[in-house]
Amino acid sequence: MSQEVKSQQNSELSPYEIITLKRDGEKLTEQQIKTFINDYSNGNIPDYQMSALLMAIYLKGMDPEETAALTQAMLKSGKELDFEGDLTSVDKHSTGGVGDKASFVLAPIASACGVKVPMMAGRGLGHTGGTIDKVESIPGFKAELELTDFFNMVQEHGLALTGQTKEIAPADKKIYALRDVTATVESIPLITASIMSKKLAEGALGIVMDVKTGSGAFMQKREDALALAKSLQKTAELAGRSFYYVISDMSQPLGHAIGNSLEMIESAECLKGEGPQDLEELSVHLAGAMIYLAGKAKSVEDGVDKAKAALSSGKALEEFREMIKRQGGSVDFIDRPDSLALASERTEVLAKQDGHIERINCKNLGLHCVKLGGGRRVQEDKIDHSVGLLFFKKIGQEVKMGDKIATIYHRKEQSDLVKKIERDIVERDVQISNQKVEAPPLIYETGESLSHKRKELA
Ligand code: URA
């Protein structure tokens with residue numbers, strides 16, 4: 001029997017009929033979704049039919065059960081790690097932002113507090129930087145581990161960091177590439193299934209999700225960020241995982257550094273207790289939530305206290321050092337930041353008027369870094385780890401004319417680009433008001449759900 005006939009018998013409907021149902025706003029069954037994804041993964045459904053289904057989902061949405069079925073189908077397209085009911089396995093994921101280096105701070109903190117952290121991270125996407133691109137600015141660091149090595153490292157040492165391996169949710173990789181070129185990225189069920197299929201495959205029994213909102217986030221509006229958080233939470237609940245989310249501010253960069261080497265240096269400073277306050281506060285909160293989900297704290301607040309202690313005692317810094325060494329990286333930059341590749345040309349951007357910082361176009365700051373070579377414009381682009389920006393001002397802060405707003409790290413031959421970036425920052429990306437401005441909160445809201453097993457422990 002041909003694959004096509006077999007799959008039609010299973011779902012009883014052809015791909016054409018499934019697309020028609022969704023186009024007309026009908027609910028799809030678990031079996032229909034499963035068959036469609038399997039057949040697409042196996043090459044039995046062409047890209048044009050998958051694209052049509054994606055657009056129908058984009059326009060008509062999916063309810064939580066359909067979203068969970070889509071997540072499971074994508075998850076089952078690849079391998080899954082299994083921590084065999086070990087509640088201490090907890091990972092964190094961010095929906096992406098500018099200057100978001102919190103993973104480098106919170107993962108060693110959580111690990112120092114007894115959490116097993118299987119951190120599988122991504123590369124830069126659009127204006128946002130990627131954890132794997134950043135960590136590769138450390139000479140020698142091996143960020144593409146074999147799945148079994150990754151798993152063994154987490155079991156043995158409690159912490160490992162790797163890029164997405166090809167065995168994990170391969171259907172997502174194929175579907176994501178289609179979404180990217182068919183204007184179907186910004187869909188809550190599709191984003192949920194994409195993120196959660198990968199997170200569930202990692203096997204962690206707890207998931208902490210940092211959903212960003214503001215001018216530097218994919219979900220710029222608070223209500224959209226909350227809807228995404230709730231959708232992710234529901235999918236985690238249906239999969240029997242503990243889940244904690246924060247809706248955090250991305251109307252300005254997190255910390256000061258934007259760019260690969262610069263962000264690694266700032267992360268190490270933070271682990272030494274010398275980092276920017278917002279980066280430390282968010283990292284400690286997220287680590288606190290991981291410690292709580294792992295059953296190593298009575299509440300998130302208790303987890304935060306433990307996280308702060310691991311940071312101030314230097315234990316977290318030690319974990320960070322050990323993880324880098326285990327994965328072949330040089331730890332020299334922790335004590336000698338200039339041992340990382342840093343562009344030799346530095347251009348300062350100065351305020352042209354007095355006032356208070358009112359608004360920052362955070363996405364544009366991310367895009368400046370991409371244009372300098374710190375991110376990719378097309379998939380084949382090679383990253384320049386040495387370039388980027390230090391952005392010093394925060395919303396609500398007072399500035400005087402001539403104050404330093406930013407330092408651009410760039411190559412000599414980029415002087416025309418740098419002049420443009422300088423002009424864009426002062427004339428377009430940063431608005432200064434002559435009135436006082438209130439600083440936005442770092443965390444807007446949080447939510448949690450504990451798995452049955454974790455509840456028994458409470
Ligand atoms: N990150 C993902 O992994 N998938 C999406 O769809 C969006 C962000």
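Being a predicted model, the structure only gives us computed values, none of them experimental. Both ligands and their constituent atoms are indexed starting at 1 by order of listing.
Ionic pairing of K60 and D24 is not present here: no N-O contact between side-chain nitrogen and carboxylate oxygen is shorter than 4.0 angstrom. Note on D429 versus R359: no salt bridge recorded, every NZ/NE/NH1/NH2 to OD/OE distance being 4.0 Å or above.
Among the candidates R454, E237, K455, the single residue satisfying the side chain to side chain donor-acceptor pair (under 3.5 Å) test with S449 is E237.
Around ligand 1 you find Y176, R179, I191, S194, I195, K198, each with a heavy-atom distance below 4.0 Å.
Between L372 and I421 there is a side-chain heavy-atom pair separated by less than 4.5 Å.
A distance-only check finds no donor-acceptor pair linking the side chain of K221 to the backbone of A225 [under 3.5 Å].
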**Request:** Test ring-ring contact (aromatic ring centres under 6.0 Å, His included) on H385 and Y409 and set out the steps.
**Result:** CA-CA 10 Å; H385 292 104; Y409 285 63; over 10 Å; no

